[in-house]
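What you are looking at is a predicted structure, and each value in this text was computed from that prediction instead of being measured. Numbering of ligands and ligand atoms starts at 1, following listing order. Note that the numbering runs from 1 along the sequence shown for the chain.
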Amino acid sequence: MYGFDALILDVDGTLADTERDGHRCAFNAAFAEVGLDWIWSEDLYGELLAITGGKERIHHYIERSRPAFANRDDLDHFVADLHRRKTRHYLELLGRGQLPLRVGVMRLLRQARGAGVRLAVATTTTPENVGTLLTCSGGEDVPGWFEVIAAGDVVPAKKPAPDIFDLALDELGLPAHRCVAVEDSANGVRSALGAGLRALLVTVNDYTKDQDFSGAALVTDGLGDPKCPVKVLQGTLEGSEYIDLSALGAMHRRVYAAD
Ligand code: XBP
Ligand code: MG
C-alpha cells in the first residue's frame, strides 16, 4: 500500500524529547546520590550527547573533565554502578509520566498498526527504558506493537555505527530498501545510512536542530498533526502538512525512484 513493509524508529529525541528533562536529570540525580558534585547543565549535556550510550558518556566526561577519577582501578565498575543508579532514576521519572511522546507519534504508530506496517525500534538507550517509555507515555499495550526492540548493549558498537539498525533489519528479516527509518540526530543518521536505510526521515529537536543531516531524505521539525503543520528543513513534503504513512511512502518512492 505504501511501498514499504516496516518503520524502524529511534527512541530518544524521536519518540519523545527525553534528553534535557529526562536522561540529563537522571544522570545528575545519580551523581548526587553518591556524593559527587558533578552537575551536567543543559549546555554541557548538549556537548556530551555527541557520545552515545550513558556509560560511554560518563567515561567520556571523566576523561575530559574529571581526570582524578580516570586512573581508578575499578573505573568500569564505578561507571557501571553510576549508570545503574541513573537508569533507576530515569525509570522513576518515566513512571511519573513526565515525558510525553512527541506530537504525532501515537497517530503514526496507530496508522501503521492499522495498515499492517511492521514496527521496530533501533536505539542506543537501555532496553528497559524503551518499554517503560512506551508504557507510561503511550499505554500498556504499546510495547507489544513493536515486533523488534533493538536497544543498548546488544551490539558491539553503538550509533553512529550501523550495528543497531543492522540488528533491527536482521530481526525483521527485511532488506533496508523495504523499510523507512526515523531518527533525530546526526549520529542516528550515520547509523541508519550505514545500515543502508536511505528512506530516512529526521525529526529534529532543540539539541539536534543545527546538526548535519546530509544523506537524509527528509528533515522536519517533527511529525506534526492535522492541526500542527510541520516545518520542512531539508527535502520536500509533497501535498501534506504533516507526516503520515502517505508522506513516508512518497519519501520512500522518491529515494528509490532513481534506482
Ligand atoms: C540516545 C542515547 C542514549 C541516551 C541515554 O539513544 O544515546 O545513550 O542518551 O540512555 P537513541 P542510556 O537516540 O539512539 O534512542 O543512559 O540508557 O544509554
Ligand atoms: Mg535519538
- Note on the structure: Given a cut-off of 2.8 Å, the protein N, O or S atoms lying below it from the Mg ion (ligand 2) are D10 OD2, D12 O, D184 OD1
- Query: Does the N or O separation between T124 and ligand 1 drop below 3.5 Å for any pair?
  - Reply: yes
- Message: Check for me whether H83 has a heavy atom closer than 4.0 Å to any atom of ligand 1.
- Response: yes
- Cation-pi, Y90 ring and K86 (6.0 angstrom, 45 degrees): yes
- Is the closest heavy atom of K86 to ligand 1 under 4.0 Å? yes
- Task: Assess whether ring pair (Phe, Tyr, Trp, His ring centres under 6.0 Å) is satisfied between F27 and W38, documenting all intermediate values.
- Result: CA-CA 9 Å; F27 280 110; W38 305 355; over 10 Å; no
- Query: Looking at ligand 1, does Y45 have a heavy atom less than 4.0 Å from it?
  - Reply: yes
- Task: Return the option from L48, V121, D12, L9 holding the heavy atom at the smallest distance from atom 3 (C) of ligand 1.
- Result: D12
- Message: Check contact between G53 and ligand 1, using heavy atoms of the residue and a distance below 4.0 angstrom.
- Response: yes
- Is the closest basic N to carboxylate O distance between R88 and E33 below 4.0 Å? yes
- Residue-ligand contact R57/ligand 1, heavy atom below 4.0 Å: yes
- Message: Heavy-atom distances under 4.0 Å decide this one: backbone, side chain, both or neither, for F165 against ligand 1?
- Response: neither
